[in-house]
Amino acid sequence: MGFADWLPYLCKLSLFYVDFLEELNEPQRQAATSVEGPVMIIAGAGSGKTRVLTYRIAYLVKQGIDPFHILSLTFTNKAAREMKERIASVIGPSEAKNLWMGTFHSVFARILRSESDRLGYPSNFSIYDTDDAKSLIRTIINEMGLDDKIYKPNTVYNRISNAKNALITAHAYRQSTEFISDDEQASRPRLFEIYQTYTERCFKAGAMDFDDLLLKTYELFARFPEVLYKYQNRFQFILVDEFQDTNFAQYAIIRQLAALYQNICVVGDDAQSIYAFRGANIQNILDFEKDYPELQTFKLEQNYRSTQTIVDAANHLIAKNKAQLPKKVWTANPSGERIKVYRALTDNEEGQFVANQIFELQMNLQKEHSDFAILYRTNAQSRALEEALRKQNIPYRIYGGLSFYQRKEIKDILAYFRVVINPQDEEAIKRIINYPARGIGKVSLDKLLVAANDQNVSLWEVMGNPAGFGASVGSGIQRKIQEFRLGLERFRQVATKANAFELAQELAKHSGLLKELYADKSPEGVSRYENVLELLNGIKEFCDQVEAGTIDRTPTLSSFMEDVALLTDADETDDDQRPKVSLMTVHASKGLEFPVVFIVGLEDTLFPSQMSMSTRAELEEERRLFYVAITRAMERLTISFAETRYRWGQLVHNEPSQFISELDQDLIDLIKPAYDPMSQIQGPSDPFRKKLSRQFSIPEHSKLRSTNQAKAAPGKPGLGASEIRPGMLVRHHRFGKGKVLNIEGKGPDKSATILFEGGEKRLLLKFARLEEGGNGE
DNA sequence: ATGTAGAGGGTTTTT
DNA sequence: CCCTCTACAT
């Protein structure tokens, strides 16, 4: 680096020293500078937590601590990256480079890769995602001849996952009277055997699932004190962000690592704990005080993010929860607008309302589209919102849902990569052995798998010599297996030298996968093809970055793959830089803030979710979730609910969420829909209904409407199946305008072939909900 | 072995 | 509703 390169950094550095103390309020300053010993920072929403963490690390470095000795655990990789950038701008990029920052899973995966031999794992072990794990569990359940109605792969997976997050190994599970008796009561007495077999099969495949990354790390440190000692000395200062969302296993590992130096700083907010469903435990916060009697606790209570109204509303709501640490979040910000509460008639109408609001506010308040966020409880709710935004030509981006790396075509090609890197990876082989089709069907695969189990060798080994391991496949098939295996074997040779991009490109071609996708000219097929090309581009970018020294890695495929399995939805980048409205689940919105926020779908059984209404603890978690959603808003907050919405393709009626009635009624304004066919809107009578009905003038005493709700919705009349004729111009909510070409079938199975702009579709009329439309064509 | 129709099941939330 | 798995035909 020349002097000119250093100049901006020197300027920033001096600025930092000048501004540093003045930029922080008193508790923030103390939290940032009390760097010795155990520290807990309870950081209310919007209280400048990230700033404190950044300055704390900068302060440590300024005190002469080598960044090499600092470990910072964050909730997403993106959070880690952003914080690293901020720190780099303060202490300089070369220093910041040595900081270890990342998610629990990615940091521990790195440790496990370098220490894997001690646990008998290869250093290039595969990471099974949830689908891989469930697929293996399904296989085992079938092999054991168990009924998958009773042993549901999902349930079994969750059970095993819970056990692992509580650091219960398969062996310990068997001894645990609690787990065993629970299973017996659920008439799943053989669950522990599945767990046992699952563990063995993962080991044989050189694979770890997400939970193993924690469990095995704990095991590694517990069994090898010298390894633990090494990392204790490496990480003399440990910071944990989002501490309220750590589970028992994560906390146990932190405790191991911090045992020697005790320089452990955790930051969290019990009011924002929203991951209990995956084992996160508020108890960790309470235990922390017991485990570290010397603990210094700091509370950050001043909110810099939101208006007075929003802060008050959030406080008022969360006060309904029993289990919480005492704190008082306050703000010096102006009171701002009242919170809007909107009752929509349908989910689609709710979407229209939000889209219209964004359109208007964007004009009136001179906002960018990126200033808006729409938050919902479940991913499935995004559909109606997307549609409405598209109609208004509002650019948006969806976070989460089916992420890029979860798409079938991407997982397929990644499976090829995985086998090249680790040929023992059984789930990856199963995925690609007959894709693209090469004549190795289910029957042959089963024979190979049975042999692999009987002989206790890997699938890959059996494929090398099926007859030798007692798999009686025909000679033709055997040749095909051989060919497939040799092809991969050859790539394994190349892999040791070639860079990731060349290798990946060759693999995509050679496997026939690109050709297969290219042949499919349907819109979906084209997009699948493009996705694979995009992945290859991503790999190219990775190689370029390594070459340029931007990231400190080797340009190998396995190096690329190390990151991929642990990417989170929030980590995905968007090349298109146009400002966009953000759509995401409330969970995904954690840690973010937006000037204008819409929280949609505040309905009973949706938010709070049906699944979480049976116990007080679950309901409190839902309430915290709502609290998180509210506190994302800086200036303007709108909450909405719909009277009816499509769920599982059926129109269902919903009651407003109890959380709406829990809001401080003095802080909200109720908005009516522009059109208001009140006579159609009816509902049962209850106290809350009474209140709402006063505000909305809903008749209190009236029967629940049963059918034909769609008619109450605005828009063109729906067409009945009998009214559809060939040649008619129609409109479909999803595919847009189209022309009916042909009618087939009769009665309930009557279907129509319709030419839409996006191509021909055949639709069952009882589902299609066609409207009259396409005038003027 | 492979393709297709029809049944069945699924929606919390995610590393 | 939509996707995946299963059963049957080819």
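Labels below follow one simple rule: chain letters A, B, ... track the order of the sequence lines, proteins then strands, and each chain is numbered from 1. Since the structure is predicted, the reported quantities are computational estimates derived from the model, not experimental observations.
Here Phe277(A) lies parallel enough and close enough to stack on the base of dT13(B), with planes under 30° and ring centres under 5.5 Å apart.
In this structure, the CG atom of Asn379(A) is 17 Å from the P atom of dC2(C), given to the nearest Å. Between Arg110(A) atom CZ and dT15(B) atom C1' there is a gap of 18 Å when expressed in whole angstrom units. Rounded to whole angstrom, the span from the CZ atom of Arg383(A) across to the P atom of dC1(C) amounts to 10 Å. Between the CG atom of Leu213(A) and the C1' atom of dT15(B) there is a distance of 9 Å, rounded to whole Å. In this structure, the CZ atom of Arg645(A) is 14 Å from the C1' atom of dT12(B), given to the nearest Å. Computed from coordinates, the Lys408(A) NZ to dC5(C) P distance equals 11 Å when rounded to whole Å. If you take OH of Tyr376(A) and C1' of dT11(B), they are 13 Å apart, rounded to a whole angstrom. In this entry the distance linking OH of Tyr275(A) with C1' of dT15(B) reads 9 Å, nearest Å.
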message: As a quick check of understanding, evaluate salt bridge (charged side-chain N to carboxylate O under 4.0 Å, His left out) for Asp129(A) and Lys411(A), giving each step before the final call.
response: CA-CA 10 Å; Asp129(A) 68 12; Lys411(A) 290 191 72 166; 2.8 Å; yes

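Close to dT13(B), at under 4.0 Å from its OP1 or OP2, lies no side-chain N or O of Ser609(A). In this model, the phosphate group of dT2(B) is approached by a side-chain N or O of Asn434(A) to a distance below 4.0 Å at OP1 or OP2. In terms of phosphate contacts, Thr585(A) brings a side-chain nitrogen or oxygen within less than 4.0 Å of OP1 or OP2 of dT14(B).
Remark: side-chain polar atoms of Thr139(A) are paired, donor with acceptor, to backbone N or O of Ser135(A) under 3.5 angstrom.
One side chain, Asn284(A) or Thr246(A), offers a donor N or O that lies under 3.5 Å from an acceptor on the other. No hydrogens or angles considered: nothing links the side chains of Gln482(A) and Gln478(A) as a donor-acceptor pair under 3.5 Å.
Contacts of Leu445(A) with the nucleic acid, taken as non-hydrogen atoms under 4.0 Å apart, are absent. Residue-level contact check: Val443(A) touches the backbone only, with heavy atoms under 4.0 Å from sugar-phosphate atoms and none from bases. The residue Lys149(A) sits close only to the backbone: its heavy atoms come under 4.0 Å of sugar-phosphate atoms, none of a base. In this structure, Ser106(A) reaches neither bases nor backbone, as no heavy-atom distance under 4.0 Å exists between it and the strands shown.
Along DNA chain B, the nucleotide nearest to Phe104(A) and the one nearest to Arg377(A) differ in position, and the one closer to the 5' end is contacted by Arg377(A). Toward the 5' end of DNA chain B, the nearer of the two residues His587(A) and Arg438(A), judged by each one's closest nucleotide, is Arg438(A).
Geometrically, Arg431(A) does not engage Tyr435(A) in a cation-pi contact, judged by NZ or CZ lying under 6.0 Å from the ring centre and within 45° of the ring axis.
Among the nucleotides dC5(C), dT12(B), dT15(B), the one closest to any side-chain atom of Arg138(A) is dC5(C). Counting only heavy atoms from C-beta on, Ala437(A) has its side chain closest to dT2(B) among dT2(B), dT12(B), dG10(B). Distance from the side chain of Lys152(A) is smallest for dG10(B) among the nucleotides dA1(B), dT12(B), dG10(B).
Within a 6.0 Å sphere centred on CD of Glu483(A), other residues, nucleotides and ligands contribute 12 heavy atoms or fewer.
For Arg647(A) against dT11(B), a side-chain-to-base donor-acceptor contact under 3.5 Å is absent.
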